[in-house]
Colleague: 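The structure that follows is given in the form of structure tokens.
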Amino acid sequence: MFDVLGANLPYLMKGAQQTLWLAIVGVGLGTLLGLVLGVTGAMVGGVVPAIVTTYVFVIRGIPVLVWMFLAYYMLPQLGLMVGDMTAVIGALILYTGAFVTEIARGAVMAVPKHQTEAAKALGMRKLTMLRLVILPQATSLSIPPLLNNSVMMIKATSYVSVVGVWELTYAAREVVERTLAAFQIFLGVMLIYFLICYPLTLAARYLEKRFSYEH
Amino acid sequence: MDAILDFFGFAFIQSQLPRFWDGFRLTLAISGASMIGAVMWGLALVGPRMSGLPVVVVPIVAYIELVRNTPLLLQIYLFYFGLPLLGLPLSAFVCGVIAIASQHGAFLCEIYRAGIQSISRQQWEGALALGMTRRKAMRQVILPQAVLKVVPPIGNQLVILIKDTSLVSAIGIIELTLSGKMVIERSGASFEVFLFIAAAYLLLTTTFGVVLRIAENSLRARQ
Amino acid sequence: MNTSADMPMIRVREVYKSFGDLKVLDGMSFDVSRGEVLAIIGPSGSGKSTMLRCLNFLEEHDAGEIFIEGEPLGYRVLDDGSRVRESEAVIARMRCDVGMVFQSFNLFPHRNVRQNITMAPVSVKGVDKAEANDRAEALLEKVGLAEKADEYPSRLSGGQQQRVAIARALAMEPKVMLFDEVTSALDPELVGEVLTVMQQLAEEGMTMVIVTHEMQFAHDVSDRLMFIDRGKVLEEGNPAEVLNMPKSARLKDFLHRFSASFS
């Protein structure tokens, strides 16, 4: 009954590998970018918060698929001879970064003001306070939303297939066009995505619950 | 001045405006139809989801978890390529709307549920202690508070929905995103076309966000 | 230049502070000498907490000058009268000399009691970790919580948390301790244990500024008592005299409302 899926599984698994690679690079680097921007935006004064807010607003207001097309068409025309892969990863990083910026900034701001006052009163300067008082408390707040955000972005890696980059979803379409076994293949591939995403969702839920018990 | 505008391809974009306008209207139509579908689908799910009957709850939870943890794009493909095999050759538009409404309805169901659960037992007890019937308590005490709580997350979800309509470009619906791609590929235009498309989306999501906030504030003011 | 021994520990001169249109400090001036315990009382909204918070620059005064051992705090006034804000490093260094205990304890919830106490000495003053630990043990002994070193703050009662907060401030070896209504958030039966620790500190000669609603405690422990209303010092002097023979109508009215608890 699942013969088509079985026969094409090795090919699909190669696609899954590519999807995982996209997720690790795109979501990983995007998360790093967002953490830096978010913490900076919450801690530094002057024009920095406004710049960070603008970045988040512009990136999040536009579909990630449009960012992928934009990067795909724009980078070569700007003289950056990068491959399609690099362009879409760039879009994934920027997009992940915007969401993570909001999460990180929110978590830093959520550390009560009296905590920073106590740190100041003990003679701590900004960086010491950030390292010893703010980040440890913000971290436990931000891990569940960061995991949820990773799930959202792992799902979004499938959109690169629309731009023409080969990965799991692209491979699935190829197989379906060849075999017409839409249900088997698409449901099977959905299951692969589910196996990647669901543990992260469950971990986020568990940590969120544990965190709410502690407080 | 004209030279600068020309450098950014404004003149060209202007010449293509009718195409983008068609695409934009299609994006609006898909967004509108999917929103209505998603809101209703979520409402239809939330009652059974909270019914406490395992025969009902287990399949619904399985469906919600599957839909939330797999890419919308694949769900769109599943409807578009799968339904004809079942003898239901629905149009790309309908398939896209069904897929989007199905996924976002699942997210909305969980938002509704969280909203209802967040109203504490004390509120129920307080209302009942005042001599209200359960029906009255639900209508006058519980729902007004629940609605206020869920309006912002529903708004966020619907903004994501608007952005997700770009995915139906993958099944050949010439909405805003695909109209941009086609203009580039047919006429050899440059990437500025997509800056324009991006700006149009930003305008759409921002306008929708502002309208939602106004609605939320007037709701809050009325209560 | 006077030597620091001649200087008052704290000197406040013509300090003004507003929040928007609301004038909170309206030309405050007073000194606190070495080893003196000053209690500040006043109705809520009188500016007493704001004044205290200005003494370690958690609140920034709009005008006037504050000196800690003769050194200007937060702002340096130039010869032409203009003010220059001190660098963050200078402000942080001066705060090391001014310990503060808050109404809501403000312990760090992610660190245990010992780490709460050693964190600032190690990271700010560069004290050796083992030495900081020894000192933390001694301070916990002093506030009667030696056995709680490994607990997390959330497992302690309010009174215990507040005593840890006092130990944490003392670990920086400050020259002055500021207490901002430190018993207001406590259940009545827990107030005593905190006041006992403060009394002990006063007897050891610590310079202290205490904002409080505990009239009896202010009467018993302070060397001098100051009544503040609407951002101004209305009365000050020997605590017994101020409390028993109030001159102004406002202080009489204020004390009248406390008469139930003050004998």
Side-chain angles (χ1 to χ4, degrees), chain A residues 35 38-49 103-147 203-204 206-215, chain C residues 49 52-53 55-60 74 87-111 115-127 152-155 161-162 164-165 167-174 176-180 185:
Chain A
L35 290 178
V39 173
T40 315
M43 296 295 293
V44 179
V47 291
V48 176
I103 294 171
R105 184 156 63 170
V108 167
M109 308 272 227
V111 174
K113 190 169 166 247
H114 65 68
Q115 287 287 311
T116 53
E117 286 197 340
K120 276 190 204 164
L122 288 166
M124 289 188 202
R125 297 174 61 180
K126 258 192 175 159
L127 278 179
T128 314
M129 180 158 82
L130 187 66
R131 183 168 56 87
L132 294 176
V133 177
I134 296 176
L135 287 187
Q137 297 187 58
T139 303
S140 49
L141 273 177
S142 59
I143 284 177
L146 283 179
L147 285 172
Y206 169 75
L207 290 172
E208 202 165 1
K209 212 170 256 175
R210 213 186 65 173
F211 185 71
S212 68
Y213 286 148
E214 277 173 10
H215 285 252
Chain C
S49 275
L52 194 74
R53 288 161 58 82
L55 295 181
N56 68 354
F57 211 56
L58 281 181
E59 262 354 308
E60 307 188 7
S87 71
E88 200 206 341
V90 171
I91 293 168
R93 176 174 57 71
M94 289 191 69
R95 281 182 177 137
C96 294
D97 289 337
V98 184
M100 177 136 183
V101 185
F102 299 86
Q103 179 176 346
S104 52
F105 332 134
N106 304 5
L107 294 179
F108 303 127
H110 58 297
R111 293 281 187 268
Q115 291 163 334
N116 259 279
I117 298 173
T118 58
M119 184 192 286
V122 171
S123 65
V124 176
K125 290 176 84 179
V127 174
Y152 279 80
S154 59
R155 314 248 318 175
Q161 288 192 50
Q162 196 59 293
V164 173
R168 180 176 70 173
L170 288 173
M172 293 296 283
E173 305 187 301
V176 189
M177 285 283 282
L178 310 177
F179 294 87
D180 188 7

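In what follows, chains carry the letters A, B, and so on, assigned in the order in which the sequence lines appear, proteins first and then strands, with residues in each chain numbered from 1. Here the structure is a predicted model, which is why all the values come from computation and not from measurement.
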Colleague: For residues Gly123(A) and Cys96(C), report the shortest heavy-atom separation together with the two atoms involved.
Modeller: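 Heavy atoms only, the tightest pair is CA-SG, 4.0 Å.
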
Colleague: With only heavy atoms counted, which part of Ala165(C) is less than 4.5 Å from chain A, the side chain, the backbone, both or neither?
Modeller: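 Neither part.
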
Colleague: Under 4.5 Å heavy-atom distance to chain A, tell me which part of Val98(C) shows up: side chain, backbone, both or neither.
Modeller: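 Looking at Val98(C), just its backbone touches chain A.
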
Colleague: Please report the interatomic distance OG(Ser123(C)) to CZ(Arg125(A)), rounded to the nearest 0.5 Å.
Modeller: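 Interatomic distance, Ser123(C) OG to Arg125(A) CZ, rounded to 0.5 Å: 12.0 Å.
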
Colleague: Evaluate side-chain contact (heavy atoms from CB on, under 4.5 Å) for Leu122(A) paired with Arg95(C), printing each intermediate quantity in order.
Modeller: CA-CA 6 Å; Leu122(A) 288 166; Arg95(C) 281 182 177 137; over 6 Å; no

Colleague: Is the backbone N or O of Phe102(C) less than 3.5 Å from a side-chain atom of His114(A), with the two atoms forming a donor-acceptor pair by type?
Modeller: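 Judged by distance alone, no pair lies under 3.5 Å.
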
Colleague: Which region of Leu107(C), side chain (C-beta onward) or backbone (N, CA, C, O), has a non-hydrogen atom less than 4.5 Å from a non-hydrogen atom of chain A, or is it both or neither?
Modeller: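 Interface part for Leu107(C): backbone (N, CA, C, O).
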
Colleague: Quick check on the interface: out of Met100(C), Met119(C), Gln115(C), Met94(C), who has the most heavy-atom pairs with chain A under 4.5 Å?
Modeller: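 Of the candidates given, the most pairs with chain A belong to Met119(C).
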
Colleague: Which bit of Arg168(C) comes within less than 4.5 Å of chain A, counting heavy atoms only: side chain, backbone, both or neither?
Modeller: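 Both backbone and side chain.
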
Colleague: List the residues meeting salt bridge (charged side-chain N to carboxylate O under 4.0 Å, His left out) with Glu88(C), not counting sequence neighbours, and say none if there are none.
Modeller: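 Salt bridge (charged side-chain N to carboxylate O under 4.0 Å, His left out) check on Glu88(C) returns nothing, list empty.
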
Colleague: Taking all heavy atoms of Met124(A) and all of Val124(C), pick out the closest pair and write down the distance.
Modeller: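 So the minimum-distance heavy-atom pair works out to CG-CG2, 3.6 Å.
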
Colleague: Which residues pass the side-chain hydrogen bond (donor to acceptor under 3.5 Å, both in side chains) test with Arg111(C), not counting sequence neighbours?
Modeller: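 Per chain and number, Arg111(C) pairs via side-chain hydrogen bond (donor to acceptor under 3.5 Å, both in side chains) with no residue.
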
Colleague: Within this structure, what is the CD1-CZ distance for the pair Ile134(A) and Phe108(C), rounded to the nearest 0.5 Å?
Modeller: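 The distance works out to 9.5 Å.
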
